[in-house]
Number of protein chains: 2
Amino acid sequence: MMLTDFKRDPYLRLLRPLVEAYLAFYRVSSRQIEFMGVTASQFDVIVELGDVDGMTCAELSKETLITKGTLTGVLDRLESKGIVQRQGVGGDRRAILVCLTNEGQQLYKHVFPTHADFLRPYFKNALSQEEVRIMTKYLLRLRDSFEPVASGKEKTSWNNIRD
Amino acid sequence: MMLTDFKRDPYLRLLRPLVEAYLAFYRVSSRQIEFMGVTASQFDVIVELGDVDGMTCAELSKETLITKGTLTGVLDRLESKGIVQRQGVGGDRRAILVCLTNEGQQLYKHVFPTHADFLRPYFKNALSQEEVRIMTKYLLRLRDSFEPVASGKEKTSWNNIRD
DNA sequence: TGACATTTGTCCTAATTAGGATTATATTAC
DNA sequence: GTAATATAATCCTAATTAGGACAAATGTCA
């Protein structure tokens, strides 16, 4: 994280507001999600798998921003809850296809809109649509500064996150 | 976290850029900090204790944004490394005062400026000073939306974070 | 002063987190 | 076609994460 003592620096003063805003969001969001019986990471996986036939672990990792080591455990718990299912994928015997079960689909249809409705007012009360556009632009510039886009060959692999 | 499927919503579309920017920063920053032999959370504690006589756990928790349950363990590890020290504080036998040891002070004087210099270019390359000001304003509005300031009596307690 | 609530820090638990090692499979280069 | 390399997913580890329970100390209020 970092924190208090960068207040004077004209650039690093952004750091604490960034962490504070993210953590405030994350903690409120996570607590709400857990009322629905899943963790925040599990929720991310469920949302990602909704409306898709299935995804490979590498794809899921890239979309959910969960690193590979973490993802295995998250999927284990979702599988033991009967929410997702791992199947082989034709053509590559290394990969697996992670899919929602019927129960998982039901859950998705409930939790996704519910949580979207829960979160929206927090953003709406803080920022106008125009401000959202501006902030999005700045945030993406910041992201790209820390994590330059791999210009070369498209990597479908873990490398998109790291390693 | 959350993720991909809010792209259309005029407010929730901010969510993914926020998470991506924060995580990109956090991962780069953490890896760099760990090269110096401490974790990101340990670094936060060290930075907070630099230039201070000592802080109580509640104060440290508020400043570092580390929740109480986590903080105990972080302090345990810092103490066993000889970086911090817990002492009793006069006047309240419940509280303890966490201080940097001499070794901890030395470490602080090295790691703090080193890491500041490491981080600065990432921000500088992404945003102008004016953009930093604007973004700070928006981030704080977002934070306050998720975590309203307790208008009433100042709470010095864990409640500032949660519970 | 006594009852009652609050605060402080620790302990405990389930889960996440990230990175490195590992095994199995694909892909590439020669 | 085989050797070298890269990728997929899992396993392993140390550490963080947050919340609830807890005991001790302090504060409040009648």
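Protein chains get the first letters and strands the later ones, always in sequence-line order, with residue 1 at the start of each. Atom set for the values below is all heavy atoms of this structure, side chains included, hydrogens, waters and symmetry mates excluded.
One can find a donor-acceptor pair under 3.5 Å joining the base of D:dT7 and the side-chain atoms of A:R94. Contact annotation: side chain of B:T39 to base of D:dA15, donor-acceptor pair absent below 3.5 Å.
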Filtered N/O pairs between nucleotides 3-5 of chain C and protein, under 3.5 Å:
none

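Aromatic ring pairs are classed by plane angle as parallel below 30°, tilted from 30° to 60° and perpendicular above 60°; the pair A:F146 and B:F123 is perpendicular. Using cut-offs of 30° and 60° for the angle between ring planes, the B:Y22 and A:Y22 rings count as parallel.
With rounding to whole Å, A:I66 atom CD1 is found 16 Å from C:dG19 atom C1'. C:dG19 atom C1' lies 16 Å from atom CD1 of B:I33, rounded to whole Å. Regarding B:K68, its NZ atom lies at a distance of 11 Å from the C1' atom of D:dC22, rounded to whole Å. When rounded to the nearest whole Å, the span between CE of A:M55 and P of D:dA8 equals 13 Å. A straight line from CG of A:L71 to P of D:dC12 spans 17 Å, rounded to a whole angstrom. With rounding to whole Å, A:L60 atom CG is found 11 Å from D:dT10 atom P. The interatomic distance linking B:D76 (CG) with D:dA14 (C1') rounds to 14 Å, in whole Å. Rounded to whole Å, the distance from CZ on A:F25 to P on D:dT17 is 17 Å.
Judged by distance alone, with hydrogens and angles left aside, the side-chain atoms of B:T101 form a donor-acceptor pair with the main-chain N or O of B:I83 at under 3.5 Å. The main-chain N or O of B:N125 is never found under 3.5 Å from a side-chain atom of A:S145 such that the two would form a donor-acceptor pair. A:S29 places no side-chain N or O within 3.5 Å of a backbone atom of A:F25 that could act as its donor or acceptor partner.
The side chain of A:S41 contributes an N or O atom lying less than 4.0 Å from OP1 or OP2 of C:dT17. The shortest distance between the side-chain N/O atoms of B:R27 and the OP1/OP2 oxygens of C:dA18 is below 4.0 Å.
A heavy atom closer than 4.0 Å to some atom of DNA chain D occurs in B:G91, B:D92, B:R93, these being the qualifying members of residues 78-93 of chain B.
Residues B:C99 and B:Q87 have side chains in contact (heavy-atom distance under 4.5 Å, counting atoms from C-beta outward). Counting only heavy atoms from C-beta outward, the side chains of A:V98 and A:L49 approach each other to under 4.5 Å.
Across the interface with DNA chain C, nearest-nucleotide mapping of A:G73 and B:T72 shows B:T72 to be the residue nearer the 5′ end. Each of A:E34 and A:A95 lies near DNA chain D, and the nucleotide nearest A:A95 is the one positioned closer to the 5' end.
The side chain of A:R31 sits closest to D:dG19 out of C:dG9, D:dA18, D:dG19. Closest approach to the A:T70 side chain among C:dG9, C:dA18, D:dA18 is made by C:dA18 (side chain taken as heavy atoms from C-beta onward). Side-chain proximity of B:A58 to D:dA9, C:dT17, C:dT8: nearest is C:dT8. The side chain of A:T56 lies closest to D:dA9, out of D:dT17, D:dA9, C:dG9.
Among residues two or more places apart in sequence or in another chain, the side-chain hydrogen bond (donor to acceptor under 3.5 Å, both in side chains) test is passed with B:E79 by B:R86.
Enclosure of atom CG in B:N102 is not indicated, since only 12 or fewer non-hydrogen atoms of other residues, nucleotides or ligands lie within 6.0 angstrom.
With salt bridges taken as basic N to acidic carboxylate O contacts below 4.0 Å, none links B:E147 and A:R27.
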